[in-house]
Amino acid sequence: MNLVDIIFYFFALITLVSAAITVYSRNIIYSAFSLLFTFFGVAGIYVLLNADFIAVAQILIYVGGILMLLVFGVMLTHKVINVEIKTGILNVVPGSIITAIIGGTLCGVFVVTDWFIVEGVPPIKSTTTEIGTMFMTKYLLPFEIASVVLLVALIGAAYIARRDKSKNQSA
Amino acid sequence: MEQILRNILDNDFFVYGIMGIVPLVWIVPYALFAIWLERKISAHMQDRLGPMRTGGWHGWSQTIADMLKLLQKEDIIPAAADKTLFNIAPYIIFVSAYAAYAVIPFSSGFIGADINVGIFYIIAVTSLAVVGILMGGWASNNKWSLLGAMRATAQIVSYEIPSVLAVLAVVMIAGTLSLQEINNLQTGWFWNWFVFQKFPFVFVAFIIYFVASLAEVNRVPFDIPEAESELVAGYVTEYSGMKFAMFMFAEFVNMFAVSAVAATLFFGGWNSPFGEFLSGPIWGVFWFLSKGMMLVSVQMWLRWTLPRLRVDQLMYVSWKVLTPWAFACVIAVGFWMML
């Protein structure tokens, strides 16, 4: 077991334990905050896969943006602690059957698949250059479409925020 | 430095461990000294003497005595607080502050990890502090704490945008995100520093970055999250003893981190201002730390000079002043690069 293995298991443990807390915690704020460690663990695994840019983007976008939004949303809800998360109707039998099928399929795929293992590949020196070049050449259209979608979302957000304000003033 | 350690130790665990601890050797004495310096500067600006007794010469060991006092204090956790989150929050804030030091080049011979996405990494990990602040503010179960945390979050998230755009102006000139390479591009006399390149656009970008970084570390004039006249102490209200010390320590660590980034991006980092004069890995540490401390002193000077902004003024400055100017800088630098 070398250093890389130990680091991998360390990050995998962080990811799984915090993900379990996110799902099973009774306290909704714990769920939100333990997502932080899940994102962090996944970012660590990205680093081990030589995807440094994606790892940093993961932290910046998910922790700095999405998690913040989530935590704010949770904090603005009425009852944060001891809220009953269970739904009224609980289909134990069909639920466990479906879960068993999905879990079995995943485990089967994991065992059966002939995993493609890459060994001895020299680490890519500059991932950002590669990504930038790819965006500007091969994947130009998806890149532009994504930027247009984001711009539309931005304008929409600004419009919604403005409309509320003017309504309050006229009333 | 990594190579030397590897020759001596020949063990990855110890080499990386020591590399990770090296920045602390600077940070701990710096924080102790900077807190004393801040009190002295504020005192002199207000025509007082400041701490004068502890340790003899101008009370130099006042902070050490304060730290010993904080270590011995009882650790008070409010009864209605959420104990787990209350206890974790100071560590998350400190980790996010310290994580930035992993990629800050202290000299040509020492950088924790010379990763290819250095500056991008710093921007990402410093945003982790927001989570810690919000966690501490919420877990304290105190309205001042929560209000302070909300303000801090809104402020840090908003001011990230102009500061990132200002950094982008430099990155466009350098063509790399690695901080060590950005330093290498500024070698030579001081007119090679990026702050004097594409004049005055990068200089304006520096001003924007510096103002935005003041907001990101919650310093005056952007200290409304802990505005003592309205919020007692903001998100640190309920913290005492060593946990309060952690918040204080993280604030000073952050102050130096943003100054170090500004020094690296705009003022040549570890490069000597006078060509070959006193250059090299050892003197590099001296130049780098002097530039960083210079900017920290400016932050202290501003703190005791300027009044605090109102919340609406704060948002106005970020979205209607800094962000458009930062965009203008980026576009102007881009056009200049194409010429």
Side-chain angles (χ1 to χ4, degrees), chain A residues 1-7 18 21 25 27-37 39-40 43-44 46-47 50-76 80-82 123-132 154 158 161, chain B residues 11-17 80 82-86 88-89 92 95-96 99 102-103 113-139 141 146-147 149-150 152-154 156-158 160-161 164 171 175-178 181 216 319:
Chain A
M1 200 139 129
N2 58 17
L3 193 60
V4 176
D5 286 342
I6 294 170
I7 293 171
S18 60
I21 294 173
S25 176
N27 189 337
I28 194 166
I29 201 109
Y30 284 177
S31 301
F33 277 126
S34 77
L35 255 186
L36 163 72
F37 297 98
F39 292 143
F40 175 76
Y46 278 135
V47 172
N50 262 329
D52 51 0
F53 184 80
I54 298 177
V56 177
Q58 158 95 7
I59 291 182
L60 188 69
I61 293 164
Y62 281 93
V63 176
I66 291 174
L67 184 67
M68 273 303 92
L69 215 63
L70 250 168
V71 171
F72 259 99
V74 168
M75 281 182 176
L76 294 176
V80 178
I81 313 167
N82 300 328
I124 302 161
K125 186 71 194 119
S126 171
T127 43
T128 42
T129 323
E130 294 284 316
I131 293 170
L154 207 65
Chain B
N11 181 325
D12 278 350
F13 292 93
F14 290 125
V15 170
Y16 293 133
D82 188 318
K83 287 184 184 55
T84 322
L85 295 181
F86 189 82
I88 298 173
I92 290 186
V95 164
S96 79
V103 297
D114 188 10
I115 58 172
N116 191 33
V117 289
I119 183 66
F120 191 44
Y121 165 85
I122 288 185
I123 291 163
V125 290
T126 47
S127 74
L128 276 176
V130 180
V131 182
I133 290 172
L134 211 48
M135 200 185 261
W138 185 83
N141 205 356
L146 188 59
L147 276 174
M150 289 283 192
T153 313
I156 294 172
V157 170
S158 318
E160 245 171 33
I161 292 158
V164 169
V171 170
T176 173
L177 292 168
S178 158
E181 275 176 51
E216 280 185 57
W319 294 105

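Quick note on labels: first sequence line is chain A, next is B, and so on, each numbered from 1. Hydrogens, waters and symmetry mates are skipped; everything else that's a heavy atom, side chains included, is used.
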Answer whether the closest heavy-atom distance between the side chains of A:Phe37 and B:Ile92 falls below 4.5 Å.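 Yes. Closest side-chain heavy atoms under 4.5 Å.
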Do the non-hydrogen side-chain atoms of B:Thr84 and A:Tyr30 ever get within less than 4.5 Å of each other? yes
Can you see which heavy atom on B:Ala124 is nearest to which on A:Ile59, and at what distance? O-CG2, 3.8 Å
Verify the neighbour count for atom CZ of B:Phe86: are there more than 12 heavy atoms of other residues, nucleotides or ligands below 6.0 Å?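 Result for CZ/B:Phe86: enclosed.
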With a 6.0 Å cut-off (strictly less than), is the heavy-atom count around CZ of A:Phe39, excluding the residue itself, greater than 12? yes
Roughly how far, to the nearest 0.5 Å, is [atom2] of [Y] from [atom1] of [X]?
{"X": "B:Ile122", "Y": "A:Leu60", "atom1": "CD1", "atom2": "CG", "answer": "13.0 Å"}
{"X": "A:Thr129", "Y": "B:Leu177", "atom1": "OG1", "atom2": "CG", "answer": "8.5 Å"}
{"X": "A:Leu36", "Y": "B:Leu134", "atom1": "CG", "atom2": "CG", "answer": "11.5 Å"}
{"X": "A:Asp52", "Y": "B:Tyr121", "atom1": "CG", "atom2": "OH", "answer": "12.0 Å"}
{"X": "B:Leu128", "Y": "A:Phe40", "atom1": "CG", "atom2": "CZ", "answer": "7.5 Å"}
{"X": "B:Thr153", "Y": "A:Phe72", "atom1": "OG1", "atom2": "CZ", "answer": "4.5 Å"}

Between B:Asn116 and A:Thr127, does the side chain to side chain contact (heavy atoms under 4.5 Å, CB included) criterion hold? Intermediate values first, please. CA-CA 8 Å; B:Asn116 191 33; A:Thr127 43; 4.1 Å; yes
Chain B contact via A:Ala55 - side chain, backbone, both or neither, heavy atoms under 4.5 Å: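 Interface part for A:Ala55: neither.
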